[in-house]
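Sequence lines set the chain letters: A, B, ... in the order given, protein chains first and strands last, and positions in each chain run from 1.
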Number of protein chains: 2
Amino acid sequence: MRIGEVADRAGVSTRALRYYEEQGLIAPERTGSGQRSYAESAVERVQMIQQFFTAGLPSRTIRQLLPCVDTGHGSPEAFAMLAAERDRITAAMADLAAARDALDALIDLAHHPTPEHCPALRDPAWSSYDAGLVRA
Amino acid sequence: MRIGEVADRAGVSTRALRYYEEQGLIAPERTGSGQRSYAESAVERVQMIQQFFTAGLPSRTIRQLLPCVDTGHGSPEAFAMLAAERDRITAAMADLAAARDALDALIDLAHHPTPEHCPALRDPAWSSYDAGLVRA
DNA sequence: CTAGGACCTGACGTTGACGTCAAGGGCAAG
DNA sequence: CTTGCCCTTGACGTCAACGTCAGGTCCTAG
């Protein structure tokens, strides 16, 4: 499979695929004339890489954890890194939830007929807002 | 309050505060000699700004939504933007959850005595993994 | 054989939220 | 007065994940 097809099927640009190779995340074969030749599994691999990028992991970290995916096991250090990243992601999710709740509070505020600058925001509620359910 | 104290109390750098002002997110007073003079409420405001930055909102968007915070109500467009950002954040949380589950699967894999490259990863499980509870 | 599309390498451009350095001004203590 | 810390503006540096362009190669269809 050539680079264009992988790009199409994985939903990324060819530039991104070359970048991933440059970063040591994929190692496609080469034809005699120098063109990249990807295995079928490359599509899934690229999608997984994308997923980690989306989660905010830098390429260096992804490069470190991919061997675990390939070999199916990892050294203790690799294991610690996986756990650390998992925790980072969990923390990021909490931050997102807090921001979303803040937005929900604003939306709620905007929905009110605004009697007179109803409070419930400026006080200490920015972190402890208890996840109200507001739906459009 | 001068810039250094605000920076300390809000947990950001003075550079960041000047950047926020440059981006139109805060408008501190000025003393006769040109030094910035912040109100007490600036600390909370900066923390809120930080929260939105952490959630991935660009400064331009934050600038648009801050008037809603200040006035306590918003135009219909502002309301639509708030809802759009809320949805973006929700989507980002889903992406994070998927990546975290992928990492959990890897961690689980690393915990196994690795009998023979146990599957459960490469197949279609990257999005539908059912949030197993693994704790260090 | 030739047109045109896909591919190659190399290299510079982009964006956002700041970091960092340079060169000076303001201000309370001693 | 001067020492020293905080403040000012201005401007360039950074980092990551690519986008984009340039100039050349490969390959397949007609």
Side-chain angles (χ1 to χ4, degrees), chain A residues 1-39 42-43 45-66 85 88-89 92 95-96 99, chain B residues 1-39 42-43 45-66 85 88-89 92 95-96 99:
Chain A
M1 208 169 21
R2 294 192 299 175
I3 196 173
E5 189 180 348
V6 179
D8 284 347
R9 301 214 301 192
V12 302
S13 68
T14 60
R15 178 67 176 94
L17 292 179
R18 296 197 187 96
Y19 176 71
Y20 296 165
E21 182 178 359
E22 188 185 324
Q23 296 298 309
L25 308 181
I26 325 182
E29 303 292 314
R30 295 297 185 124
T31 69
S33 61
Q35 298 206 348
R36 290 171 180 81
S37 178
Y38 293 85
V43 175
R45 189 183 183 88
V46 168
Q47 286 170 340
M48 180 176 57
I49 291 171
Q50 272 289 112
Q51 187 171 75
F52 287 132
F53 271 128
T54 300
L57 287 103
S59 58
R60 179 175 37 84
T61 304
I62 299 178
R63 180 176 49 222
Q64 290 170 342
L65 68 80
L66 278 178
E85 289 303 325
R88 250 181 29 78
I89 289 176
D95 288 341
L96 283 181
Chain B
M1 207 168 21
R2 293 192 300 175
I3 196 173
E5 189 179 347
V6 178
D8 284 348
R9 300 214 301 192
V12 302
S13 67
T14 60
R15 178 66 178 93
L17 292 180
R18 297 197 187 96
Y19 176 71
Y20 297 165
E21 182 178 0
E22 187 185 325
Q23 297 299 307
L25 307 182
I26 325 183
E29 302 292 311
R30 295 298 184 123
T31 70
S33 60
Q35 301 205 345
R36 292 171 180 81
S37 178
Y38 293 86
V43 174
R45 189 184 183 88
V46 167
Q47 285 170 341
M48 180 177 57
I49 291 171
Q50 272 289 111
Q51 187 171 73
F52 287 133
F53 271 129
T54 301
L57 298 170
S59 58
R60 179 176 38 81
T61 304
I62 299 178
R63 180 174 48 223
Q64 290 169 342
L65 69 81
L66 278 179
E85 288 303 325
R88 248 182 30 76
I89 289 176
D95 288 341
L96 283 181

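A straight line from CZ of B:Phe52 to P of C:dC18 spans 15 Å, rounded to a whole angstrom. Between the CZ atom of A:Phe53 and the P atom of D:dA16 there is a distance of 11 Å, given to the nearest Å. Rounded to whole Å, atom C1' of C:dA17 lies 8 Å from atom OH of B:Tyr20. Nucleotide D:dT9 holds its C1' atom 12 Å from the CD atom of B:Glu21, rounded to whole Å. Per the geometry, CG belonging to B:Leu17 stands 10 Å off P belonging to D:dC7, to the nearest Å. Here D:dA17 presents its C1' atom at 8 Å from CD of A:Gln23, a figure rounded to the nearest Å. Rounding to whole angstrom units, CZ of residue A:Arg18 and P of D:dC18 are separated by 14 Å. Protein atom CD of A:Glu22 is 12 Å distant from nucleotide atom P of D:dC18, rounded to whole Å.
If you check C:dC7, D:dC7, D:dC18 against the side chain of A:Ser13, the one that comes closest is D:dC18.
Residue A:Arg30 places none of its side-chain N or O atoms closer than 4.0 Å to OP1 or OP2 of D:dC26. A close approach under 4.0 Å does not occur between any side-chain nitrogen or oxygen of B:Tyr19 and OP1 or OP2 of C:dC18. For D:dC6, neither phosphate oxygen OP1 nor OP2 lies less than 4.0 angstrom from any side-chain nitrogen or oxygen of B:Thr14.
Nucleic acid contact class of B:Thr31 (heavy atoms, under 4.0 Å, all strands): none. Contacts of B:Leu57 with the nucleic acid, taken as non-hydrogen atoms under 4.0 Å apart, involve only primed sugar atoms and P, OP1 or OP2.
When side chains are defined from C-beta on, A:Ile3 counts as touching A:Arg18, because their heavy atoms get closer than 4.5 Å.
A donor-acceptor contact under 3.5 Å is not formed by the side chain of B:Arg36 with the base of D:dT8. A donor-acceptor contact under 3.5 Å links the side chain of A:Arg15 to the base of D:dT20.
Residue order along DNA chain C, read from the 5' end via each residue's closest nucleotide, puts B:Ile62 first among B:Ile62 and B:Ser33. Mapped onto DNA chain D by nearest heavy atom, A:Ala16 and A:Gln35 fall at different nucleotides, with A:Ala16 at the one closer to the 5' end. Nearer the 5' end of DNA chain C, as judged by each residue's closest nucleotide, is the contact made by B:Arg60, out of B:Arg60 and B:Arg2.
Aromatic ring orientation, B:Phe53 versus B:Tyr19: tilted (interplanar angle from 30° to 60°).
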What verdict does the salt bridge (Lys or Arg N to Asp or Glu O under 4.0 Å) test give for B:Glu5 and B:Arg2, after you've listed the backbone C-alpha separation in whole Å, the side-chain angles of each residue and the deciding distance to 0.1 Å?
CA-CA 6 Å; B:Glu5 189 179 347; B:Arg2 293 192 300 175; over 6 Å; no
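Within 6.0 Å of the CZ atom in A:Arg60, the count of heavy atoms belonging to other residues, nucleotides or ligands does not exceed 12.
Heavy-atom minimum distance, B:Leu96 versus A:Ala92: CD1-CB, 3.8 Å.
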